[in-house]
Amino acid sequence: MNSSIYPGRSPKDWDSQQDSNCNGILGFDMEDGLSYEKKFCEGTDSRGIIILGDSAAAHFHIPPEWMTPLNMSKNSFSNLALAISNELDWPQFSMYTGFQNSTIGGWTQSLYLRLRDWNRCNHRDYQNIARNGGSSRNLEHFLKSMTRDQQLDKPAVVFYAMIGNDVCNESPDTLNHMTTPEDMRAYVMNELKYLDMNLPKGSHVILMSLADGRSLWNNLHDRYHPLGQLNKDITYEQFYGFLTCMKSNPCEGWMTKNETLRNLTTERAEQLSNVLQEISTSAKFNNFGLGYFENLYQKVIAKWKSLGGQPWELMEPIDGFHPNQIASAIGAEVIWEELLQKQPDIFGKQNPFNEEIVKIFGDQGGH
């Protein structure tokens, strides 16, 4: 294994002999003697995508056929071993790094695919540093798995998307176990300082606001959970109550019939989002620009409703908590379109040689 060959690095000798950055572009044009990497990628602002996030960014999903009696068949558990080994995460379909055609419903669209289509020199340059339970409190424990060499590698667009676990927990005394605004600022600033010491100059970091999880109860509580669809006997309200009784409710503050508690949880989430917004406008770093993106899922729901859909169709049916494949695909489009309009420099210039790259290299080796 050659550790000097990996996605995201600046090409060695313009990849005339080998594909040092794994983007599927190598060799040289026999007519003019120029290497294809230099000819098609030099000066095109190529860059990668990195997501630092939680289970939503890792794309947590429990296949509905596992728990829906009406849909069970001999093939229902054919992907069980793979799903369990990946902790029920499907980053290959996610909003940020999805690249495979979805096999779990909906369709795949991602910020990585949009950035790749924008500039084919970005092929394969993505990192999904997200895990179940991720939050501002514990990101420092897995942040170092992100790899970027400040001297050798291309810039990156980093999304910081801890959208729920700073307010979501299993404790009956949930409010006292939420991250405080003061702690949020300290955690995030420490993590941003680490990024500044590791990201190449010209990178960007986008802080994503926390979600408003009241939409879970508002859109699901009186609907039947897959376990109760056959006999019409288990609603999401009952399902949430069962999780609480078993001390395994992942978000006591939002997955509850207590409206006051739901509102207080959203109030804390808004306070933490305000911290992120304040950091985005006041903090300065040497190697990356800082931005803020707010209310993603409100925008996703609005777009889905404009297409004739219903909000409950955007939520994972089994856990009644995570955004599903459709929400992730729409979310990628919403983020891409808004950032491209408001901050086009984040994604670099569109590569004028994209068609020529496809003509010569096809799918560039796939994924």
Side-chain angles (χ1 to χ4, degrees), residues 1-51 91-93 96-101 107-128 146-159 198-204 287-289 329 332-333 335-337 339-341 343-367:
M1 181 177 178
N2 190 337
S3 61
S4 67
I5 298 175
Y6 55 89
R9 67 156 290 166
S10 296
K12 182 179 180 181
D13 299 326
W14 289 109
D15 285 359
S16 59
Q17 301 297 322
Q18 63 177 358
D19 186 12
S20 65
N21 58 18
C22 305
N23 68 358
I25 301 171
L26 75 160
F28 58 90
D29 190 330
M30 296 291 288
E31 292 186 7
D32 57 23
L34 290 176
S35 69
Y36 287 117
E37 180 83 30
K38 183 177 181 65
K39 188 173 183 176
F40 295 148
C41 299
E42 184 179 27
T44 64
D45 294 341
S46 53
R47 58 199 60 200
I49 285 277
I50 300 174
I51 170 63
Q92 67 271 33
F93 306 135
Y96 298 96
T97 60
F99 60 88
Q100 288 184 357
N101 292 331
W107 65 95
T108 299
Q109 182 57 280
S110 70
L111 288 163
Y112 160 67
L113 287 178
R114 291 304 303 262
L115 188 62
R116 174 179 178 267
D117 289 342
W118 189 249
N119 184 348
R120 300 290 296 202
C121 298
N122 297 328
H123 182 60
R124 295 194 182 122
D125 191 359
Y126 62 90
Q127 297 179 48
N128 192 307
M146 183 196 80
T147 57
R148 214 67 176 180
D149 188 301
Q150 282 190 319
Q151 305 306 315
L152 291 178
D153 294 353
K154 300 174 184 179
V157 183
V158 180
F159 289 88
N198 288 273
L199 290 175
K201 201 167 189 63
S203 295
H204 294 270
N287 291 309
F288 59 82
E333 293 286 359
I335 296 172
W336 177 267
E337 291 168 4
L339 290 181
L340 196 63
Q341 179 182 18
Q343 298 174 270
D345 60 308
I346 286 177
F347 298 122
K349 298 187 292 286
Q350 187 171 19
N351 192 333
F353 302 109
N354 284 331
E355 290 186 7
E356 293 180 65
I357 292 172
V358 173
K359 183 178 179 180
I360 296 172
F361 297 102
D363 68 355
Q364 297 166 254
H367 291 86

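Computed from a prediction, not measured in an experiment: that's the story for all the values here.
The only option from Glu37, Arg9, Lys12 that meets the side chain to side chain donor-acceptor pair (under 3.5 Å) definition with Asn21 turns out to be Glu37.
Residue pairs meeting the side chain to side chain donor-acceptor pair (under 3.5 Å) criterion with at least one partner in residues 350-360, sequence neighbours excluded, are Asn119-Asn351. Evaluation of the ring pair (Phe, Tyr, Trp, His ring centres under 6.0 Å) test over residues 5-35, restricted to residues two or more places apart or in two chains, returns none.
Applying the side chain to side chain contact (heavy atoms under 4.5 Å, CB included) test to Gln150 and every residue at least two apart in sequence or in another chain returns Asn287. In this structure, Ser3 has no side-chain hydrogen bond (donor to acceptor under 3.5 Å, both in side chains) partners at least two apart in sequence or on a different chain. In this structure Gln92 satisfies the side-chain hydrogen bond (donor to acceptor under 3.5 Å, both in side chains) test with no other residue, sequence neighbours excluded. Residues meeting the side chain to side chain contact (heavy atoms under 4.5 Å, CB included) test with Asp345, sequence neighbours left out: His204, Gln343.
Atoms NZ and CG, from Lys154 and Asp45 in turn, are 11.0 Å apart once rounded to the nearest 0.5 Å. The distance from atom CD1 of Ile51 to atom CD of Gln127, rounded to the nearest 0.5 Å, is 11.5 Å. For the atom pair CD1 of Ile50 and CG of Asn198, the computed distance is 9.5 Å after rounding to the nearest 0.5 Å. Atom SG of Cys41 sits about 5.0 Å away from atom CD1 of Ile357, to the nearest 0.5 Å. Expressed to the nearest 0.5 Å, how far CZ of Arg120 lies from CD1 of Ile360 amounts to 12.5 Å. Once rounded to the nearest 0.5 Å, the distance linking CG of Asp153 with OG1 of Thr147 reads 7.5 Å.
Across all non-hydrogen atoms, the minimal contact from Ser110 to Gly98 is OG-O, 2.6 Å. Heavy-atom minimum distance, Ser46 versus Cys121: CB-CB, 4.0 Å. Listed here is the closest heavy atom pair of Leu115 and Asn122: O-ND2, 3.2 Å. Of all heavy-atom pairs spanning Asp19 and Gly24, the tightest one is OD2-N, 2.7 Å. Closest heavy-atom contact between Ile346 and Arg47: O-NH1, 2.9 Å. Minimum heavy-atom separation, Ser10 to Ser20: O-OG, 4.2 Å.
Side chains of Cys22 and Ile5 form a contact here, defined as non-hydrogen atoms less than 4.5 Å apart. Between Gln109 and Glu333 there is a side-chain heavy-atom pair separated by less than 4.5 Å.
Distance alone, capped at 3.5 Å, is enough to place a donor-acceptor pair between the Asp363 side chain and the Gly365 backbone. Judged purely by atom type and a 3.5 angstrom limit, Thr97 uses its side chain to pair as donor or acceptor with the backbone of Pro91. Judged purely by atom type and a 3.5 angstrom limit, His123 uses its side chain to pair as donor or acceptor with the backbone of Gln364.
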Can you check side-chain contact (heavy atoms from CB on, under 4.5 Å) on Leu111 and Phe159, steps first, answer last? CA-CA 10 Å; Leu111 288 163; Phe159 289 88; 3.8 Å; yes
Would you check, one step at a time, whether the test side-chain contact (heavy atoms from CB on, under 4.5 Å) holds for Arg116 with Ile49? CA-CA 10 Å; Arg116 174 179 178 267; Ile49 285 277; over 6 Å; no
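Between Tyr36 and Phe361, the ring planes lie perpendicular to each other; the angle is over 60°, past the 30° to 60° tilted range. Note: Tyr126 and Tyr112 have tilted aromatic rings, judged against thresholds of 30 and 60 degrees for the angle between ring planes. By the 30° and 60° cut-offs, the orientation of the rings of Trp118 relative to Trp336 is perpendicular.
Remark: Arg148 engages Asp125 in a salt bridge, criterion side-chain N to carboxylate O under 4.0 Å.
Atom CG of Asp32 is surrounded by more than 12 heavy atoms from other residues, nucleotides or ligands within 6.0 Å.
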